[in-house]
Amino acid sequence: MLSEKRATLSSSEVAISTQLEEIDEALGHAADTLNKSDFSDQQREIVEQFIDELLDTRLEIKKC
């Protein structure tokens, strides 16, 4: 079904869609990481900063 959707999109739309999928996957991994109990506060801050940057990037891509 995803391949059918991509067949109707332009190459730039496919690239954007792919970027969003990759960001969403990274966000999922980062969220899972935040839930690990063995991380220090400093490590959590780093992951939270990474998530913020991913969300900002996602918003910028969506504006296009």
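Fair warning: this is a prediction, and the values are worked out from it, not measured in the lab.
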Answer yes if Leu34 and Ile23 sit in the same cluster of Ile, Leu, Val, Met, Phe, Trp and Tyr residues linked by side chain heavy atoms under 4.5 Å apart, and no otherwise.
->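 Yes; Ile23 is reachable from Leu34 via cluster members.
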Tell me, please, which residues at least two apart from Glu60 pass salt bridge (charged side-chain N to carboxylate O under 4.0 Å, His left out).
->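 Salt bridge (charged side-chain N to carboxylate O under 4.0 Å, His left out) check on Glu60 returns Lys63.
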Pairing residues for [X] by the side chain to side chain contact (heavy atoms under 4.5 Å, CB included) criterion, not counting sequence neighbours:
| X | value |
| --- | --- |
| Lys36 | Asp38, Phe39 |
| Leu55 | Leu27, Ile51 |
| Glu45 | none |

Measure the [atom1]-[atom2] distance between [X] and [Y] for me, rounded to the nearest 0.5 Å.
| X | Y | atom1 | atom2 | value |
| --- | --- | --- | --- | --- |
| Arg58 | Leu20 | CZ | CG | 5.0 Å |
| Glu25 | Glu21 | CD | CD | 9.0 Å |
| Ile46 | Asp41 | CD1 | CG | 11.5 Å |

With distance as the sole test, does Ser17 use its side chain to make a donor-acceptor pair with the main-chain N or O of Glu13 at under 3.5 Å?
->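 Not at all, since once roles are kept as given, no pair shorter than 3.5 Å links the two residues.
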By side-chain hydrogen bond (donor to acceptor under 3.5 Å, both in side chains) - contacts of Arg44 (at least two apart) |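 Listed in chain order: nothing, the list is empty.
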For Gln43, side-chain hydrogen bond (donor to acceptor under 3.5 Å, both in side chains) partners two or more places apart |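 Only Ser40 meet the side-chain hydrogen bond (donor to acceptor under 3.5 Å, both in side chains) criterion with Gln43.
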